[in-house]
Amino acid sequence: GQCQLFVFSSSFNSGYPQPKMSGSSDDTRNCTATPPYLPPTAIDTTERLRILRHHMQSHNLSAYIIPATDAHMSEYIAERDKRLAWMTGFTGSSGTGVVTLQKAALFTDSRYWIQAERQMDCNWELQKSGWISAIGQWLVKEVPEGEKIGLDPYLFSIDNWDSYLQALDGSNRTLVALDDNLVDLVWGSQRPLPPTNTIYQLPDDFIGSTWQEKVSHIRTQMENHSGKPTAVLLSGLEETAWLFNLRGDDIPYTPVFYAYTLLTKTSISLFVNQSRLSGDASQALAAGCPGPLCVTVVDYEAISESLRIYVQQDGVHIWIGTEYTTLALYREIPPEKRLEENYSPVMIAKASKNAKEQELMRAAHVRDAIAVIRYLVWLEKMVPSGSVDEISGANFVNQLRREELFCHGPSFETISASGLNAALAHYSPSNTTSRKLTVDEMYLLDSGGQYLDGTTDITRTVQWGEPTALQKEAYTRVLMGNIDLSRLVFPPRTSGRMVEVLARRPLWEVGLNYGHGTGHGIGNFLSVHEWPVGFQSNNVPLDKGMFTSIEPGYYLEGEFGIRLEDVALVVEAQTKYPVHEEPYLTFEVVSLVPYARNLIDINLLSQEQIQYINSYYESIRKYIGPELQRRHLDEEYQWLQRNTQPLSRSSLLAASLGTLAMGTVASTLLPGA
Ligand SMILES: *[C@@H]1O[C@H](CO)[C@@H](O)[C@H](O)[C@H]1NC(C)=O
Ligand SMILES: *[C@@H]1O[C@H](CO)[C@@H](O)[C@H](O)[C@H]1NC(C)=O
Ligand SMILES: *[C@@H]1O[C@H](CO)[C@@H](O)[C@H](O)[C@H]1NC(C)=O
Ligand SMILES: *[C@@H]1O[C@H](CO)[C@@H](O)[C@H](O)[C@H]1NC(C)=O
Ligand SMILES: *[C@@H]1O[C@H](CO)[C@@H](O)[C@H](O)[C@H]1NC(C)=O
Ligand SMILES: *[C@@H]1O[C@H](CO)[C@@H](O)[C@H](O)[C@H]1NC(C)=O
């Protein structure tokens, strides 16, 4: 799935088709009309802003910054943390609100401009950039010299705080971290309460190692570190969930719960609402008490206070990751007692999956492939009759996943996009935008599931009718890029940034490109976008046991969008010449769904690429075929056989002659013909 974390080159906007302000103009606001026109989807924020400004004045603030994240820098957030959405009306997952005594502005990148125009009233101006430097420039323009800009230090990572300081450096405007969140004061009793659902243990069959083993491993890392840390602070929700093999349902799409962890050489403190832990979970955490493997459960809200007390001791040193630790907690630690790295050792340990975790991920991907294949077979039958739209399709594929063993729902909001909608990055269908699927348009499905054994994320693009020459060429080139990166052999710890160009090369060759990242890490029943693995400059180098998506695409504004996304595991490669130190690496693709045969122009493929597809298809037959047979999914089994027939230049020629003879619709029902 595409996500807010994808940044290509130096700009969010580069390469994305710029959304046209077309379509029915009465679904977007018009603030120049008199009176201003507001669509029914816009929220009236006048009263909220009035009260917020009142609080700003009593704190002597000229501006207040409202980010879109929570106190754990989560990608998806709970209703309770949707302060930006509540204040502005804008529900996109990426953006920043800035309110001065006279003005209010939403800063967001091009993926969200249309949505913002639909959801905001005319109190808010739309600033078409998501960059902190742009926010800084605006603040310098709007806030007089010598005045103060407020923020909630629990909602800013150290890295973000530093970026704001830099943006305002030398401007004589002061950033002030406040104890109160001013939006919460306005929201008051209307604000949703903290979640109370049960936090549960991951069953033994689904864990890669016990939490005691994980704790020991992290303590070894501490012992071995030249910075001599005495403790590790975990702020990311996935870090605590992973470390203790616990899961919860506090946040949509990601099975985590609100918590912090302070792990020292001799003690373990888990900051969570104790009464939410299941009986088994409480028991497991207390099994090693008293002793260094005893987990003490402390109130979630007590984290700052506990940190303050811990750092009063002599000789303590807390290891923190600057991308996930918030300013509020950072400030509790005196500078000489901080050990700062980009990521905590837990983040790094979690990134490389052990043999058991790899096996679990593979198993989840087999069941996930079956759900997707069932969906593709169903679409082939239903689309020609005109009875499927983007929303009903998304609902159906979500339902098929839920029928699979161990499924806990989707891993992100399903992107089900037909025709020109697929060209909008980050599109998800809504009642106002949902298009009917037809044999005349390409259709893009980017979806994934949460299973107890693994998280999945796959994108396939299909076309049931006759593709245009450009569609076919673009699809083939996207596929070539996917293959070239997937079959790459590289030395250990190569940076993803260095090799991602391979996914773009077949597109670049003819002047095409895509404006998003090439892939992201993924967890075992954790986040679908799992940092810090991926192909961007701020990702860690690729190493054995890491899973990443590989997802090149191509988008033509107003026409169509193509993306082919697979999840791949980094494995050892066999090289012709022996490698003296550590073995070289390559990828093993674990997503097991065939590509669209009618969209592949085999004449563009090299012999190596054809061989690669054929051996990939052999794996699909080997892992998926028997499972379809076991379940008596005969139609799906036949479909799989047809769609995984080996490609060769002559067979494709025969297929395209067949297509001509049979006419478009008939041939689409027999894609392997
Ligand atoms: C907004 O309203 C003004 C005044 O009625 C009109 O001139 C303008 O074209 C409208 N803009 C859009 C984008 O509809
Ligand atoms: C705001 O400024 C006034 C006047 O300078 C001062 O008396 C007051 O204490 C300040 N309030 C806060 C919350 O800083
Ligand atoms: C900052 O701005 C205030 C108000 O204009 C002014 O009094 C003060 O001298 C300025 N400080 C600096 C360092 O420029
Ligand atoms: C300890 O650190 C050294 C030097 O950085 C490294 O070579 C070694 O592998 C580390 N040992 C462990 C158990 O992490
Ligand atoms: C802790 O969880 C319980 C439910 O298990 C809930 O009733 C209580 O309000 C929660 N406490 C806090 C401080 O959120
Ligand atoms: C979309 O339409 C469906 C079916 O008519 C309805 O149940 C649902 O509430 C609508 N959703 C929104 C957000 O309007």
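All ligand and atom numbering here is 1-based and tracks the order in the structure. All heavy atoms count here, side chains included; hydrogens, waters and symmetry mates do not.
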S.K.: Got a protein heavy atom sitting under 4.0 Å from atom 2 (O) of ligand 3?
M.R.: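 Within 4.0 Å: yes, protein heavy atom nearby.
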S.K.: Between Lys436 and Asp389, does any NZ, NE, NH1 or NH2 come within less than 4.0 Å of an OD or OE carboxylate oxygen?
M.R.: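 Salt bridge absent between Asp389 and Lys436.
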S.K.: Between ligand 5 and Asn273, is the shortest N or O to N or O distance under 3.5 Å?
M.R.: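 Checking ligand 5 against Asn273, an N or O pair does fall under 3.5 Å apart.
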S.K.: Out of all atoms in ligand 1, which are within 4.0 Å of some heavy atom of Asn30? Include the element for each.
M.R.: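 Under 4.0 Å from Asn30, ligand 1 has these atoms: 1 (C), 2 (O), 3 (C), 8 (C), 10 (C), 11 (N), 12 (C), 14 (O).
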S.K.: Check for me whether Arg276 meets the cation-pi criterion with Phe257, that is, NZ or CZ under 6.0 Å from the six-membered ring centre and within 45 degrees of the ring axis.
M.R.: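 Negative - Arg276 is either too far from the ring of Phe257 or too far off its axis.
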S.K.: Within the structure provided, determine whether Val183 and Asp152 are in side-chain contact (heavy-atom separation under 4.5 Å).
M.R.: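 Val183 does not reach Asp152 side chain to side chain.
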S.K.: Check this for me, if you would: do Asp121 and Arg29 make a salt bridge, where the nitrogen-to-carboxylate-oxygen distance has to be below 4.0 angstrom?
M.R.: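 Between Arg29 and Asp121 there is no salt bridge, as every charged N stays at least 4.0 Å from the carboxylate O atoms.
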S.K.: Counting non-hydrogen protein atoms only, what is the nearest one to atom 5 (O) of ligand 5? Give residue, atom name and distance.
M.R.: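 That would be Ser275 OG, 3.3 Å.
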S.K.: With a cut-off of 4.0 Å, which atoms of ligand 3 are near a heavy atom of Asn172?
M.R.: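 That gives atoms 1 (C), 2 (O), 3 (C), 8 (C), 10 (C), 11 (N), 12 (C), 14 (O) of ligand 3.
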S.K.: Any side-chain heavy atom of Gln450 within less than 4.5 Å of one from Cys407?
M.R.: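 No; the side chains remain at least 4.5 Å from each other.
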S.K.: To check your reading of the model: name the closest protein heavy atom to atom 6 (C) of ligand 5, its residue, and the distance in Å.
M.R.: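 Here the closest protein heavy atom is Thr196 CG2, 3.7 Å.
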S.K.: Hey, does Trp113 have a side-chain heavy atom less than 4.5 Å from the side chain of Lys128?
M.R.: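 Side chain of Lys128 against side chain of Trp113, heavy atoms only: contact under 4.5 Å found.
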S.K.: What protein heavy atom is closest to atom 4 (C) of ligand 3, reported as residue, atom name and distance in Å?
M.R.: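 In this structure, atom 4 (C) of ligand 3 has Glu145 O, 3.7 Å as its nearest protein heavy atom.
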S.K.: Under 4.0 angstrom from atom 9 (O) of ligand 3, is there any protein heavy atom?
M.R.: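 Under 4.0 Å from atom 9 (O) of ligand 3, zero protein heavy atoms found.
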S.K.: Flag the pair Asn245 / Lys214 as yes when at least one side-chain heavy-atom distance between them is below 4.5 Å, and no otherwise.
M.R.: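 Yes, side chains in contact.
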S.K.: With a cut-off of 4.0 Å, which atoms of ligand 1 are near a heavy atom of Thr32?
M.R.: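 In order of numbering, the contacting atoms are 1 (C), 2 (O), 3 (C).
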